[in-house]
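The structure under discussion appears below in the form of structure tokens.
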Amino acid sequence: MKNHILFILAAAMLAACAPSESDLQRFSPDKRHLVTLQLIDGNLYYELVRLGQDEARPVIQPSLLGFDLGSDMPALAGNFRIERVEKSSFSETWTQVWGEKKDILNNYNEIRVHLTETTDNPRDLIVVFRVYDDGVGFRYEFPEQPNLREFQIMDELTEFQLAGNHTTWSIGAYQWNRFEYYYDEAPLSAIDTVHTPLTMRTDDGLYLSLHEAALVDYSTMTLERTGEHLLKSNLMPWHNGVRVYAQTPFVTPWRTLQIAEQPGDLITSYLILNLNEPNKIEDTSWIEPSKYVGIWWEMHLDKSTWGSGERHGATTENTRRYIDFAAEHGFPHVLVEGWNPGWDGEWYADGVVFDFTTPMPNFDLEGLAAYARERGVRLMGHHETSASVLHYESQMEDAFALYERLGVRAVKTGYVGHGREIKWFNEAGEEQREWHHGQFMVRHHQRVVELAARHKISLNVHEGVKDTGLRRTWPNLMTREVAMGQEYNAWGGEGGHPPAYTLILPFTRNLSGPFDYTPGVLDLLFDEYRPDNRIKSTLAKELALYVVIYSPLHMAADLPENYERYIDAFQFIKDVPTDWYDTQVLEASIAEYITIVRKDRNSEDWYLGSITGEDAREVEIPLSFLDIDKTYIAHIYRDGDNADWEQAPYDFVIEQKEVTAADMLEFRLGRSGGLAVRFEAQ
Ligand code: NOJ
């Protein structure tokens, strides 16, 4: 951590003098955003305005704050008075352990409004707003107090009164397949209850994204439309309708709103990370951003199986083949799925089936771990829990200890199962079923990340809770799926993702955090295995995804034999890093196109990824992001002149040329096409 400047300009006011309007206002450091709080009839409201040269655009119009605490306790709303207000400012540049940018500026102005009630047994609540140049975050703090100890949140009343019928991109909440749906593009007035991030475009050209930060011991927030342009927090409930169990002192996650004039600026906003607590892991030397290969895509293609039998994928022999391939091409991890008993039959049917410490008889776990280590490679572990969480918890201590002993540094976890079918038993032995992303599971995932950290293991979580920036506090929580990944291209209902899908992800799913999409399938058609599906993109687009979709652990997902076939294109996958010094979005339009450049954290090289959706496109890319005093060899992997995902997906050109910051690249990208470039500093 460096350049730490903390200065507090606190203005504490006594209860006796009612705060004036300006006492309840806070600007962002650049004075573009103004948050105003006001008390009306004992209720606290907030609003947010974006200020321009001669204009003030409302972003959030007066919106209610507060809680319903159930029938046993009066609501925490409607009886407030303001006891005092504190204001402070903060500016610090902190360094990510790994990430899409090395040094991050955290600069905000804060206002803390201390509320108490006008009732006989008053309770206290603090509402904290941090106002940033790129948006706002706010949360509630419940201090320790005699009149509020243990309590249940039956409803969080937080509202977001938006100022118009914005265009929105979101996925519906309360569905059986959790977060694995396509994003709907719809007017705000047409959405129902949706997951966050909820990304929006206003008619006057602003881009907004609502989400949350630091979800540690609370329920996931979804957003319910309760008025024409009015959204309200809707927390995933426990089986009995309680939203959150809490005890003072207690803080909620931050409710976040990112605000930008260009869609790409949402991607380079680090507000969500800034609102998380600093890193709690002292020695981070074992946390390695890197790439991996593995026994995975072959099961999704149905070339081999997770379960035992003649086509079992996770055999000792097959794993050796992948380890040899990883060692030859410089991939530090080899994922092996289907290595343990439990996969035969309907493993995903909520059975208590998996054994996490015993390998299948034809998988020599100890021998393979040693074979890998001798070649400078490590096995990546796999814990598919089939959402039998208590069963997993009864074994996970031993399971992580085993992996640590074998030199494993990263584990992929999985929670395949119906969205609200997480089973546990209460003290009376009665079965309860919880949502995948209610407080029960948020607490489970926190236990896993802390346990994994004790065993020096990083996590790649599938079917988990959405990311809220916890990677800042727990940098071993490296990546997650929690969206539809590459696997749907193998067997998904629509024959593969539509071309625009990967043009929506950077502005929605990826705003929450890294995504284990598993790119790099170069055999785009795989007719031999799944003739009804294909990857609806060109070869160059599949390469460009390594730069466009951020993840510190990226898979080279295809079969080794396919990389041998496309060995020249494979070079880009070998070269591209997963840990960046800087990230810039050069141009972007949600669902249509994006061009991102990132500078390697461990060299002077830059990488570029540019992709298109349904339409072909001419791109003109000024190289002014390159260092001014350097010459680079540009290794260009681009669409050929006739490239088109449907007609000519393999029309592909690799070329090299010398460039400087004064040059411009001009290319045509085909329909669902791409461009990937490594700028190798000379
Ligand atoms: C779903 C995961 O997303 C996928 O990556 C994994 O192969 C299967 N579950 C089996 O665990």
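Ring geometry for F138 versus F160: interplanar angle of 30 to 60°, hence tilted. Ring geometry for F129 against Y46 counts as tilted: the plane angle lies between 30° and 60°, on a 0 to 90° scale.
Residues M478 and W98 have side chains in contact (heavy-atom distance under 4.5 Å, counting atoms from C-beta outward). Considering only heavy atoms from C-beta on, D68 stays 4.5 Å or farther from R243 through its side chain. Between Q25 and L34 there is a side-chain heavy-atom pair separated by less than 4.5 Å. Proximity of F67 to F142: side-chain heavy atoms (C-beta onward) are separated by under 4.5 Å at one or more points. Put simply, the side chain of L675 reaches to within 4.5 Å of the side chain of I621, judged on heavy atoms. Contact annotation: the side chain of Q38 approaches that of E47 to within less than 4.5 Å [non-hydrogen atoms, C-beta and beyond]. The shortest side-chain heavy-atom distance between H229 and Q61 does not fall under the 4.5 Å cut-off. The shortest side-chain heavy-atom distance between Q96 and R471 falls under the 4.5 Å cut-off.
Using a 3.5 Å distance cut-off with no hydrogens or angles, the side chains of D103 and T93 do not pair a donor with an acceptor. T479 and N460 form no side-chain donor-acceptor contact under 3.5 Å, judged by distance and modelled atom types alone. When only modelled atom types and interatomic distance are considered, Y132 and N106 share a side-chain donor-acceptor pair under 3.5 Å. In the model, T268 has no side-chain atom that pairs as donor or acceptor with a side-chain atom of K101 under 3.5 Å. Side-chain contact, E100 with T583: no donor N or O sits under 3.5 Å from an acceptor N or O. In this model, no donor atom of one side chain and acceptor atom of the other lie less than 3.5 Å apart for T248 and E144. Checking Y45 against Q161 by side-chain atom types alone, no donor-acceptor pair falls below 3.5 Å. Defined by atom type and a distance below 3.5 Å, a donor-acceptor pair is present between the side-chain atoms of S89 and R26. Using a 3.5 Å distance cut-off with no hydrogens or angles, the side chains of N276 and W254 do not pair a donor with an acceptor. Between the side chains of T158 and Y140, at least one donor N or O sits under 3.5 Å from an acceptor N or O. Defined by atom type and a distance below 3.5 Å, a donor-acceptor pair is present between the side-chain atoms of W238 and Q439. Side-chain contact, E587 with T595: a donor N or O sits under 3.5 Å from an acceptor N or O.
Once rounded to the nearest 0.5 Å, the distance linking CD1 of I267 with CD of Q258 reads 10.5 Å. Atom-to-atom distance recorded for D133:CG and K31:NZ is 10.0 Å, nearest 0.5 angstrom. Taken from CG in L470 to CG in L215, the straight-line distance is 6.5 Å, to the nearest 0.5 Å. Atom CG of D23 is separated from atom CD1 of I111 by 8.0 Å, given to the nearest 0.5 angstrom.
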**Request:** Take Y207 and D265 through the side chain to side chain contact (heavy atoms under 4.5 Å, CB included) test and state the conclusion after the steps.
**Result:** CA-CA 9 Å; Y207 291 84; D265 293 341; over 6 Å; no
**Request:** Take I594 and V585, measure what side chain to side chain contact (heavy atoms under 4.5 Å, CB included) needs, and give me the verdict at the end.
**Result:** CA-CA 8 Å; I594 186 165; V585 181; 4.2 Å; yes
**Prompt:** After noting the C-alpha distance and the side-chain angles of W169 and F507, does the key distance pass the ring pair (Phe, Tyr, Trp, His ring centres under 6.0 Å) rule?
**Reply:** CA-CA 9 Å; W169 288 267; F507 310 96; 8.1 Å; no
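Ring centroids of F179 and H437 are separated by less than 6.0 Å, placing the two rings close together.
Residues passing the salt bridge (charged side-chain N to carboxylate O under 4.0 Å, His left out) test with E224: none are found, sequence neighbours excluded. Every residue meeting the salt bridge (charged side-chain N to carboxylate O under 4.0 Å, His left out) condition with D579, not counting sequence neighbours, appears here in chain and number order: R601. Listed by chain and number, the residues in a salt bridge (charged side-chain N to carboxylate O under 4.0 Å, His left out) with R598 amount to none (sequence neighbours excluded). E481 meets the salt bridge (charged side-chain N to carboxylate O under 4.0 Å, His left out) test with no other residue; sequence neighbours excluded. Partners of Y174 by ring-ring contact (aromatic ring centres under 6.0 Å, His included), not counting sequence neighbours, listed by chain and number: W435.
Legend: salt bridge (Lys or Arg N to Asp or Glu O under 4.0 Å) pairs involving residues 179-203, not counting sequence neighbours, sorted by first then second residue: R178-E180.
One finds no salt bridge joining E159 and K232 here, because no Lys/Arg side-chain nitrogen approaches an Asp/Glu carboxylate oxygen to under 4.0 Å. Here K466 pairs with E212 in a salt bridge; the nearest charged N to carboxylate O distance falls below 4.0 Å. Remark: K102 does not engage D582 in a salt bridge, criterion side-chain N to carboxylate O under 4.0 Å.
In this structure, E21 places its CD atom where only 12 or fewer heavy-atom neighbours from other residues, nucleotides or ligands lie under 6.0 Å away. Under a cut-off of 6.0 angstrom, the local environment of CD1 in I40 is crowded, with over 12 non-hydrogen atoms contributed by other residues, nucleotides or ligands. By the neighbour-count criterion of 12 heavy atoms within 6.0 Å, atom CD of Q262 is sparsely surrounded, having that number or fewer from other residues, nucleotides or ligands. Within 6.0 Å of the CD atom in E277, the count of heavy atoms belonging to other residues, nucleotides or ligands does not exceed 12.
Remark: of the listed residues T116, V113, V127, V113 is the sole one forming a side chain to side chain contact (heavy atoms under 4.5 Å, CB included) with I82.
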